[in-house]
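Below is one structure, written out as structure tokens; the observations come after it.
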Amino acid sequence: MAAVDLLVTGGRLVTPDGVRTGDIAVSGGRIVPGGEALHVLDAKGAYVLPGLIDSHVHFRTPGLTYKEDWAHGSRAAVVGGVTTVMDMPNTVPPTLSPEAVLAKAAMIDGTSLVDYAFHVGADPQRPELLADLDPGVAVSAKVFMAGHHTAPTVVRDEAQLDKVFAAAAAGGVRLVLHAEDEAVFALLDRWRGTPERHRDYERYRPRTGPIAAVAQVLRLVERHGTAAHVLHLSTAEEADLVTAARFAGLPVTFEVTGHHLSFTDADTRRLGARTRLAPAIRQRADQDRLWEAVWRGEVSTLGSDHAPHTIEEKCRPVPDAPPGLPGVQELAVAVWTGMRERLPDESPDVAIARLVRYLAEQPAALFGLRGKGRLEIGADADLTVFEPGGRHMLSARDVRAKCGWSAYEGWTMAGRVRTTIRAGQVVWDADTGTFGAPTGRWVRR
Ligand code: DOR
Ligand code: ZN
């Protein structure tokens, strides 16, 4: 028998063909059929998942590294069982061209525990760049339809959006969209002014913003045939609209974040700026509809929208407090906790397979990351050893993001990540609290 580097034994393997107890053999950073092992890792009592993929993080390089950097962000990721992230372009300067992506990649090289890919920003001044974008440089182009503190590059008017959608369709580029209608917010602000209390924030950035923008996105997709992934849905109406459009044959999909599944406006009353994000956290009925999208398979990906800001920034007066919260560390356990609370009688094997679909298989497929997202022979040996039971309280001490705070502090999580493995190397071991080496790679299509 051939010698292999590592054998992960006795876990419940979550594979594309179902969940079964077995071993995973690793050699040369890949999953291989089996053999004598140099090292053995016991996964009894745990699930072995394909390394989780978070297709929506803001790791803040370049220019905003006082909020977050790849050392901290990637540690938060592996503690949360995430082995690949896709990074957003609203940096300083913004990542709006292939050259900017290459420059960013050079800065990250040697600092990340996880593998990574990039979303380039759609430049309203140069929409034509998307028509011949190299798919090896960016997995998609991000469009901010509304701006705020950390998102100044906005594709604002209909004519600009039309050019971006046309160019992306010509280049075969998927758009990922922050779909909120800035004109709706501007109109409301002129009438109402700005909120004085965080608890009022939702009324100032209400559901009409994203609903109007999603309707516009669907018109543009219909006109140009552009593949569009709408990010961080916050309302029931958006879920209905995108699902209906997909049913009608349009190439549209959507993401839901861990935050929108975990918090409602009742939490914002308690947590203030911590749960302030764009789009806003909404009512219980919206959250219920987003969970329904999870149960029914309408959602394609779950993302963290990991968007750290310092506590000092979050404590500013309401109009100056930037939206966003860290979440790559909390994403999988928070979603798992929600799943078990909402459907306690469901078989854990069924629930975990669903988690893997949204947090590994589908993000890899949608963004074309070969060798990722599936536990099978020949795939990258990225593995998340996940204990489904127990109760684990999250405290500020546990937070790995550079900002040092979490909106989930005080939450009791069901389950925890025991071990995270990237390319066959242990990058996080919860029992000893130790990390591996920052040898994460750029995953280029
Ligand atoms: O809440 C948000 N924060 N929404 C965004 O669109 C961007 C993000 C950030 O970068 O802070
Ligand atoms: Zn985001």
Practice problem: Using a strict cut-off of less than 4.0 Å between a Lys/Arg side-chain nitrogen and an Asp/Glu carboxylate oxygen, indicate whether Lys402 and Glu68 qualify as a salt bridge. | Solution: no

Quiz item: Does one side chain, of His309 or Lys67, offer a donor that lies under 3.5 Å from an acceptor on the other?
Solution: yes

Quiz item: Between Ala151 and Val154, which heavy-atom pair has the shortest distance, and what is it?
Solution: O-CG2, 3.7 Å

Quiz prompt | Separation between CH2 of Trp411 and OG of Ser262, rounded to the nearest 0.5 Å | solution = 4.0 Å

Practice problem: Look only at the side chain of Asp115 and the backbone of Gly440, and say whether a donor-acceptor pair between them is shorter than 3.5 Å. | Solution: no

Quiz item: With a cut-off of 6.0 Å (strictly less than), are more than 12 heavy atoms of other residues, nucleotides or ligands near CD of Gln216?
Solution: yes

Quiz prompt | Pairs flagged by salt bridge (charged side-chain N to carboxylate O under 4.0 Å, His left out) wherever residues 2-18 is involved - sequence neighbours left out | solution = Arg12-Asp349

Quiz item: Could Asp380 and Arg370 be called an ion pair, given the rule that one side-chain N must be under 4.0 Å from one carboxylate O?
Solution: no

Quiz item: Considering all heavy atoms of both residues, which atom of Thr150 and which atom of Asn90 are nearest to each other, and what is their separation?
Solution: O-ND2, 2.9 Å

Practice problem: Spell out, as yes or no, whether a donor-acceptor pair under 3.5 Å connects the side chain of Lys104 to the backbone of Phe118. | Solution: no

Practice problem: Assess the side chains of Ser140 and His119: does a donor N or O sit below 3.5 Å from an acceptor N or O? | Solution: yes

Exercise. Check for a donor-acceptor pair, side chain of Thr91 on one end and backbone N or O of Pro89 on the other, with a separation under 3.5 Å.
Key: yes

Quiz item: Just by distance, do the side chain of Thr111 and the backbone of Ile108 share a donor-acceptor pair under 3.5 Å?
Solution: yes

Exercise. Look only at the side chain of Arg445 and the backbone of Ala138, and say whether a donor-acceptor pair between them is shorter than 3.5 Å.
Key: yes

Practice problem: Can you measure from OG1 (Thr65) to NE2 (His72) and round to the nearest 0.5 angstrom? | Solution: 11.0 Å

Quiz prompt | Within 6.0 Å of CD in Glu222, more than 12 heavy atoms from elsewhere | solution = no

Quiz item: Are Tyr66 and Glu313 side-chain neighbours, meaning at least one heavy-atom pair lies under 4.5 Å?
Solution: yes

Quiz prompt | Check ion pair Arg374-Asp382 (N to O, under 4.0 angstrom) | solution = no

Quiz prompt | Geometric cation-pi criterion Lys142 and Phe144, 6.0 Å radius, 45° cone | solution = yes

Quiz item: Under the 3.5 angstrom rule, does the side chain of Gln160 hit a backbone N or O of Val155 as a donor-acceptor pair?
Solution: no

Exercise. Go through Val19 and Tyr47 one step at a time and tell me if the side chain to side chain contact (heavy atoms under 4.5 Å, CB included) criterion holds.
Key: CA-CA 9 Å; Val19 183; Tyr47 284 109; 3.9 Å; yes

Quiz item: Salt bridge between Arg60 and Asp87, side-chain N to carboxylate O under 4.0 Å?
Solution: no

Exercise. Mind telling me whether Phe263 and Tyr408 have parallel, tilted or perpendicular rings, with 30° and 60° as the class edges?
Key: tilted

Quiz item: Looking only at heavy atoms, which two atoms of Leu130 and Val173 are closest? And how far apart?
Solution: O-CG2, 3.4 Å

Self-check item: More than 12 heavy atoms from other groups under 6.0 Å of CZ on Arg223
Solution: yes

Quiz item: Nearest 0.5 Å, what's the OH-CZ distance between Tyr116 and Arg444?
Solution: 10.5 Å

Quiz item: Can you find a pair of side-chain heavy atoms, one from Val137 and one from Val120, that are under 4.5 Å apart?
Solution: no

Practice problem: Begin from the C-alpha positions of Val217 and Val221 and carry the test side chain to side chain contact (heavy atoms under 4.5 Å, CB included) through to its verdict. | Solution: CA-CA 6 Å; Val217 166; Val221 168; 4.1 Å; yes

Quiz item: Just by distance, with hydrogens left out, do His392 and Asp398 show a side-chain donor and acceptor under 3.5 Å apart?
Solution: no

Self-check item: Centroid separation His178 to His232 less than 6.0 Å
Solution: yes

Self-check item: Of all pairs that satisfy ring pair (Phe, Tyr, Trp, His ring centres under 6.0 Å), the ones with a partner from residues 322-341, not counting sequence neighbours
Solution: Trp336-Phe386

Exercise. Spell out, as yes or no, whether a donor-acceptor pair under 3.5 Å connects the side chain of Arg274 to the backbone of Ser406.
Key: yes

Quiz prompt | Any donor-acceptor N or O pair under 3.5 Å, side chains Arg422, Thr439 | solution = yes

Quiz item: Is Pro344 close to Met339 at the side-chain level, that is, under 4.5 Å between some pair of heavy atoms?
Solution: no

Exercise. Evaluate whether atom CZ of Arg391 has more than 12 neighbouring non-hydrogen atoms of other residues, nucleotides or ligands under 6.0 angstrom away.
Key: no

Quiz item: Within the side chain of Asp286, is there an N or O that forms a donor-acceptor pair under 3.5 Å with the backbone of Ala236?
Solution: yes

Quiz item: Would you say Leu13 and Thr21 make side-chain contact, with heavy atoms under 4.5 Å?
Solution: no

Quiz prompt | Lys/Arg-Asp/Glu bridge criterion (N-O < 4.0 Å) met for Arg342, Asp288 | solution = yes

Quiz item: Taking it one step at a time, do Val242 and Thr253 satisfy side chain to side chain contact (heavy atoms under 4.5 Å, CB included)?
Solution: CA-CA 7 Å; Val242 181; Thr253 49; 6.0 Å; no

Quiz item: So, Thr226 side chain and Phe165 main chain: donor-acceptor pair closer than 3.5 Å or not?
Solution: yes

Quiz item: Can you tell me how far CE of Met107 sits from CG of Leu102, rounded to the nearest 0.5 angstrom?
Solution: 10.5 Å

Practice problem: Would you tell me whether Glu238 and Thr235 have side-chain atoms, one donor and one acceptor, within less than 3.5 Å of each other? | Solution: yes

Quiz item: When you check the side-chain N and O atoms of His306 and Asp54, is any donor under 3.5 Å from an acceptor?
Solution: no

Quiz item: Should Arg289 and Glu237 count as an ion pair when the cut-off is N to O under 4.0 Å?
Solution: no

Quiz item: Does the Thr337 side chain pair with the main chain of Ala414, one donor and one acceptor, at a distance under 3.5 Å?
Solution: yes

Quiz item: Which atom pair, heavy atoms only, marks the closest approach of Thr153 to Pro124?
Solution: CG2-CD, 3.6 Å

Exercise. For residues Ala76 and Ala401, report the shortest heavy-atom separation together with the two atoms involved.
Key: CB-N, 4.0 Å

Quiz item: Roughly how far apart are Glu255 CD and Leu302 CG, rounded to 0.5 Å?
Solution: 8.0 Å

Quiz item: Is any side-chain heavy atom of Trp405 less than 4.5 Å from a side-chain heavy atom of Thr310?
Solution: no

Exercise. Work out which heavy atom in Gly424 is nearest to a heavy atom in Val26; give both atom names and the distance.
Key: CA-CG1, 3.7 Å

Quiz item: Is a salt bridge present between Arg357 and Glu361, judged by a nitrogen-to-oxygen distance below 4.0 Å?
Solution: no

Quiz item: Between atom CG of Asp69 and atom OG of Ser74, what is the distance when rounded to the nearest 0.5 Å?
Solution: 8.5 Å

Exercise. May I have the step-by-step check of ring-ring contact (aromatic ring centres under 6.0 Å, His included) for Phe254 and His229, ending in yes or no?
Key: CA-CA 5 Å; Phe254 67 87; His229 187 54; 8.1 Å; no

Exercise. Check the pair Val32 / Ile377 against side chain to side chain contact (heavy atoms under 4.5 Å, CB included), numbers first and verdict last.
Key: CA-CA 5 Å; Val32 295; Ile377 305 290; 5.6 Å; no

Quiz prompt | Criterion salt bridge (Lys or Arg N to Asp or Glu O under 4.0 Å) on Glu298 and Arg246, from CA distance to verdict | solution = CA-CA 9 Å; Glu298 293 165 347; Arg246 188 162 182 202; over 6 Å; no

Quiz item: Does the side chain to side chain donor-acceptor pair (under 3.5 Å) test come out yes or no for His259 and Asp305, once each step is laid out?
Solution: CA-CA 8 Å; His259 313 320; Asp305 196 0; over 6 Å; no

